[in-house]
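Heavy atoms only: backbone and side chains are in, while hydrogens, waters and symmetry mates are out. Quick note on labels: first sequence line is chain A, next is B, and so on, each numbered from 1.
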Number of protein chains: 2
Amino acid sequence: MEDVGRVAGVSRATASRVVTGGSRVSERTRNRVWHAVEQLGYHPDLAARALAKGRTDVIDLIIIDEDATQVGSNPYYSRVVSGILSALAGTETQMRTHVIDEPDAPTRLDDVARIVEVGALLINVPPTLGARFAARCGRVVSLGRSAVGVPSVEAENALGARSAVEHLYRTGRRKVVAVHGKPNNSCAIGRRRGFQSASVDAGHEPIGAEGGFCLEAGVAGTHQLLAEHPDLDAIFAACDLTAMGVLRALSESGRRVPDDVALVGFDDSFLASVATPAMTSVRQPVEHMAAMATRALLANETGPSWQRIEPAPLQIRRSSAA
Amino acid sequence: MEDVGRVAGVSRATASRVVTGGSRVSERTRNRVWHAVEQLGYHPDLAARALAKGRTDVIDLIIIDEDATQVGSNPYYSRVVSGILSALAGTETQMRTHVIDEPDAPTRLDDVARIVEVGALLINVPPTLGARFAARCGRVVSLGRSAVGVPSVEAENALGARSAVEHLYRTGRRKVVAVHGKPNNSCAIGRRRGFQSASVDAGHEPIGAEGGFCLEAGVAGTHQLLAEHPDLDAIFAACDLTAMGVLRALSESGRRVPDDVALVGFDDSFLASVATPAMTSVRQPVEHMAAMATRALLANETGPSWQRIEPAPLQIRRSSAA
DNA sequence: CTGTTAGCGCGTTCAA
DNA sequence: TTGAACGCGCTAACAG
C-alpha cells in the first residue's frame, strides 16, 4: 500500500481512502491510485484490514444437526451454501461454517454468538435457542421461522401445501392423504396446516401420518396409511426426502405412481428431478432465500421485525400426472 | 491479553506463549495463565493473530463447476465440506469456500493461489490447471488425481469398478454393460478401465455407452444400450447420479430392477440409499478422503509425491439382488 | 524460563 | 483534498 501510494504519487493514507471508500478524494487522484493498484497487482491484506477496522468481513452459517457427520447427506444445506456464496460473490466478505451437534448446541451457540461479525444465518435452530442467540448478538437471520422477534425468511409453507392438495383433487384424485414432518418443526407445521385446511375445503377429512424430514418416515407413514386407507389415491409428503420414502413404500406395495397413486413432495430439491418417476414438488426457493438473508445481513437491515416470506410455487412433474 | 497477563501475574508475552504453544513455560506459570484465561473468558482475536503471524489459519476449498449455481445439487460437494469440517473441528482453523465457474477458472485460480494460507483442496480442477496451481502455491491436495506432481487423494476407482462387475457376473448375470463418465475425467477413466478389464477377465467383450456424471447421461446411455443390446441384464453406472438416470430409463422401457436388469452405481452417496429399489453402489469414502487431505495440509506434510489411494468397497443393496 | 520491544498492514483521526 | 501519526491485538525476536 505504501508502494501504491508512491507509484500514484500520493501518501499511503490517500491510497487507503481510495481503495476503501473512494470518498473525499479528487477524481484525478483516485484514477491514479486505481491505476497504481492495477499496475502493482495490489490486493489488500484482509487480516490487517480486519484488525484495523475491528471487524472481519465474514458471515457465519450455523447449522445444527442431530448428527454432524450426516450434514453431507442433506441436499438442503448445500442449497443454502450455494445461495450464500452467490450473494457474497464480488464481495470481500467470506462465509464461515459452523456445524453443531444437537446436544452441544446451547454451549456452542453462545461461543459462536460472541464471535459473529457481520451477521449469522441460523439453520435448524429451535426457537428458544434462536431467541437466545438473537438476544446475544442481533445481526441474525433464521432460515425458517424461529421465535418471535428473531428475523427470519421462510417459504409460504401453508400456501404451498394447499396448492399441492388442490392440484391433486383438481386432477381427479379422490382421497389425498399426507405424511407429515415433526410436530415441533415450524416448516412442517405450516405445511401440515395447509394440507389440513385444503382438505377440509375440498370436503374431506384430513388424513395424515406423523413423520419427520427423512426417508424412513415416508416409508413407515405410507405403509401405515395404506393399511388404514387402502383406497387412498394420492399422497402429499412434507419434504422430498420423505417423498422418496413414500415412493419406495408404494413400490413395495405394488402400487404404481402416478397410475394408482399420485405423489407430491415439498422442496423441489434435485431429488424431485432425479426420482423415478420425476416428482411433482412444491418449490422452496432455498438458494434465493439464503441469498436474500445474506444480503440483508450485509446491508445491516435486519431488525427484530425483519421478515420475508417467499412464495412456494408448485412444480408439476410426472408423479402426479392424471 | 494484557489483562490475562496481569491477572496471572506475568507479562503479556508469557501469556501469549501459553495460549499459543505452551512450550518453554514453567508448569506453574502455565496453570496460572490458563486459569486467568478461564476467569476472564478470554478468546484470542483471530485477525490480530493472523496479522502478527503473517498467516491466517484457513483452508481453502476450491470447486470448479460448469455452472456455479448448480453446486447445491451435487451431493459430492457437501460430503467434501462435511469431511473438511470434521477434520477442522477442535482446531482454530477455518474453511473458506471458492466456487468458480468453469470459464473463469484460469484467472480465478491464479487469484486464489496467491491468497492461500495453510493450504487448498482442489475439486474438479483439470490437470493442466491443477499443475499450474500447485506450481504457484504448493500446499495443495487435489481430490481425485490431477497432473503428476500434484498431491492427490483418490479412491481405488478401477478396483471398485472391477468388484462391481465381478459381483454381477458372480450373482448370475450374463451380460453386464456400462454407462461411463466423461473420457477426460480421471475418476471416470479409472472406473472405465476397471469395468473393461473385469469384463474381459470374465470372458466378455466390454460394452459401454459414453456418458458423464449426470442424470441425463444415464437416461440416454441406457436407451442406447437397450436398443443395441436388448439382452443386457446388468448395468454398471459411473456414478450414482448416472445410475438414477439408468433407473428412470429402465422404468420407461418396462424393465424391472433387479428382476430383469441389475444395477450398480458408484459413490454410495445418499442417492443410493434413497433410490427405489435401494441401489448397490461402490463406496467412495469422500468424507474420509477430504478429512485426510485436510489433516495433511494442516500438518504441512504434502509434498509433490504425496498421494493417498483409498479402498472403494462394494455396498450391496437390492438393485443387484439375484 | 520470562520480560521488553518491535512491528504485522491497514483504517482513521487530526492538522494542514 | 491530502499527509503524518497513532493504534488495532497479537506474535516473535532478543535480552536477561
- Query: Can you tell me how far the CZ atom of B:Arg295 sits from the CG atom of B:Leu298, to the nearest 0.5 Å?
  - Reply: 9.0 Å
- Task: Whole angstrom is fine here: how far is it from CG in B:Leu46 over to P in D:dG9?
- Result: 14 Å
- Query: Under the 3.5 Å rule, do the base of C:dG11 and the side chain of A:Arg55 count as making a donor-acceptor pair?
  - Reply: no
- Query: Given that B:Val10 and B:Leu51 both sit by DNA chain C, which one's nearest nucleotide is further toward the 5' end?
  - Reply: B:Val10
- Query: Counting side-chain heavy atoms from CB outward, which of C:dT2, D:dG3, C:dC10 is closest to A:Asp45?
  - Reply: C:dC10
- Short question: side chain of A:Asn124, backbone of A:Ile64 - any donor-acceptor pair under 3.5 Å? yes
- Task: Report, as yes or no, whether the 6.0 Å neighbourhood of atom CZ on A:Arg283 holds more than 12 heavy atoms from other residues, nucleotides or ligands.
- Result: yes
- Look at the side-chain N and O atoms of B:Thr14 and state whether any lies under 4.0 Å from the OP1 or OP2 oxygen of C:dG3. yes
- Euclidean distance, atom CZ of residue A:Arg49 to atom P of C:dC8 [Å, nearest integer]: 18 Å
- Query: Which nucleotide sits closest to the side chain of B:Ser26: C:dT2, C:dG7, D:dT2?
  - Reply: C:dT2
- Note on the structure: Closest of C:dT2, D:dC10, D:dA4 to the B:Pro44 side chain is D:dC10
Got a list of side-chain donor-acceptor pairs under 3.5 Å for residues 87-98 of chain A, not counting sequence neighbours?
| from | atom 1 | to | atom 2 | distance (Å) |
| --- | --- | --- | --- | --- |
| A:Thr91 | OG1 | A:Leu88 | O | 3.1 |
| A:Arg96 | NE | A:Asp60 | OD1 | 2.7 |
| A:Arg96 | NH2 | A:Asp60 | OD1 | 3.3 |
| A:Arg96 | NH2 | A:Asp60 | OD2 | 3.3 |
| A:Arg96 | NH2 | A:Ile115 | O | 3.2 |
| A:His98 | NE2 | A:Asp60 | OD1 | 2.6 |

- Residue among A:Asn157, A:Asp267, A:Asp268 satisfying side-chain hydrogen bond (donor to acceptor under 3.5 Å, both in side chains) with A:Gln284: A:Asp267
- Message: Using whole Å, what does the distance between atom C1' of nucleotide D:dT2 and atom CZ of A:Arg32 come to?
- Response: 12 Å
- Where the side chain of B:Lys53 is concerned, which of D:dG3, D:dG9, D:dA12 is the nearest nucleotide? D:dA12
- Note on the structure: Side-chain contact check for B:Arg17: nearest option of C:dG9, C:dT12, D:dA13 is D:dA13
- Task: Name the residue closer to the 5' end of DNA chain C, choosing between B:Ala48 and B:Thr29 according to the nucleotide with the nearest heavy atom.
- Result: B:Thr29
- Whole angstrom is fine here: how far is it from CZ in B:Arg12 over to P in C:dT2? 17 Å
- Tell me: CD of B:Glu2 to P of D:dC8, nearest whole Å? 11 Å
- For B:Ile115 and C:dG9, give me the distance from atom CD1 to atom C1', rounded to whole Å. 16 Å
- Message: Counting only side-chain nitrogens and oxygens, does B:Ser11 get under 4.0 Å of the OP1 or OP2 atom of C:dT2?
- Response: no
